Amino acid sequence: MPRYWLMKSEPDDFSIDDLERVGVEPWTGVRNYQARNFMREAMRPGDGVLFYHSNTKVPGIAGVAEVVGEAYPDPTQFDPASKYHDPKSRPDAPRWWLVDVRFVRRLRGVIPLERIRAEAERLGEIELLRKGSRLSVAPVSAAQWKHLLSLEPEAR
DNA sequence: GCCAACGTTGGC
DNA sequence: GCCAACGTTGGC
């Protein structure tokens, strides 16, 4: 049974266009245990991903991607030159895990957070809209996935 | 750029 | 084990 997720990325850092260009990208840099657990324990190959642009002029859903393969240790945690380096993590007991994400499609624009918020009532409980939530990897129900992708994207 | 909300760290 | 201080996230 397919599962669905929403994954945030700052487009200045890595956008849906970047994902289209590279095809498959290791989702490095997640340093939150809850998000890590979703990737390590719950994600399965083929799971759907809503690619969300955060910390940008019009935050919102910019595209669709999918999970590739099983989770494995995030190599950047062991790289002293990386901004994601974690000196407390040991190679024999990696602290941070990731999955690879593959480009599926770009939306014609962005489904703005503002638009999503307007659907709050019909969407029901959703992590993205939970007050104060900053989770960069969060589950989405099948109904929410369908609902969100039925919304009209706006020019970005 | 501001700042509220949140997670993590470390002294005690 | 508490909790103040700190750093980060991310909307606005």
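All chains are named by letter (A, B, ...) in the order of the sequence lines, taking the proteins before the strands, and each is independently numbered beginning at 1. What you see is a predicted model; the values in this text were computed from it and never measured.
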Atom-to-atom span, NZ of A:Lys83 to P of C:dT9 - whole angstrom
9 Å

Please state whether the phosphate of C:dT9, meaning OP1 or OP2, lies under 4.0 angstrom from any side-chain nitrogen or oxygen of A:Tyr52.
no

Rounded off to whole Å, could you give me the CD-to-P distance for the A:Glu127 and C:dT9 pair?
16 Å

In whole angstrom, give the distance that lies between atom CG of A:Asp12 and atom P of B:dG1.
13 Å

Determine the contact category for A:Arg117: base if any of its heavy atoms lies under 4.0 Å from a base atom, sugar-phosphate if only primed atoms, P, OP1 or OP2 are that close, otherwise nothing.
sugar-phosphate

Can a salt bridge be assigned to the pair A:Arg115 and A:Glu154 using a cut-off of 4.0 Å between side-chain N and carboxylate O?
no

Rounded to whole angstrom units, what separation is found between the CG atom of A:Asn55 and the P atom of C:dC12?
12 Å

According to a hydrophobic-cluster definition based on side-chain heavy atoms being under 4.5 Å apart (Ile, Leu, Val, Met, Phe, Trp, Tyr only), do A:Val101 and A:Val104 belong together?
no

Could you give me the CA-CA distance, side-chain angles and deciding distance for A:Arg40 and A:Glu70, then say whether side chain to side chain contact (heavy atoms under 4.5 Å, CB included) is met?
CA-CA 8 Å; A:Arg40 190 178 62 178; A:Glu70 298 290 339; over 6 Å; no

When the aromatic ring centroids of A:Phe51 and A:Trp27 are compared, is their separation below 6.0 Å?
yes

What are the atom names and distances for every N/O pair under 3.5 Å that joins the protein to nucleotides 4-8 of chain C?
residue : atom : partner  : partner atom : Å
C:dT8   : O2   : A:Arg134 : NH1          : 2.8

Whole angstrom is fine here: how far is it from CG in A:Leu129 over to P in C:dG11?
11 Å

Rounded distance in Å - CD (A:Glu10) to C1' (C:dG11)
12 Å

Upstream residue (5' side of DNA chain B) when A:Asn32 and A:Lys88 are each assigned their closest nucleotide
A:Asn32

Distance in angstrom units between A:Met7 CE and C:dT9 P, rounded:
15 Å

Please determine if A:Glu152 and A:Arg108 form a salt bridge, counting it only when a charged side-chain N lies under 4.0 Å from a carboxylate O.
yes

Just how far, in rounded Å, is C1' of C:dC12 from CZ of A:Arg115?
20 Å

Honestly curious: do A:Phe14 and A:Phe103 fall in one hydrophobic cluster under the side-chain, below-4.5 Å linking rule?
yes

Has A:Lys8 got a side-chain N or O lying under 4.0 Å from the OP1 or OP2 atom of C:dG10?
yes

Is there a ring-ring contact (aromatic ring centres under 6.0 Å, His included) between A:Tyr33 and A:Trp97 once you walk through the steps?
CA-CA 10 Å; A:Tyr33 289 105; A:Trp97 294 63; over 10 Å; no

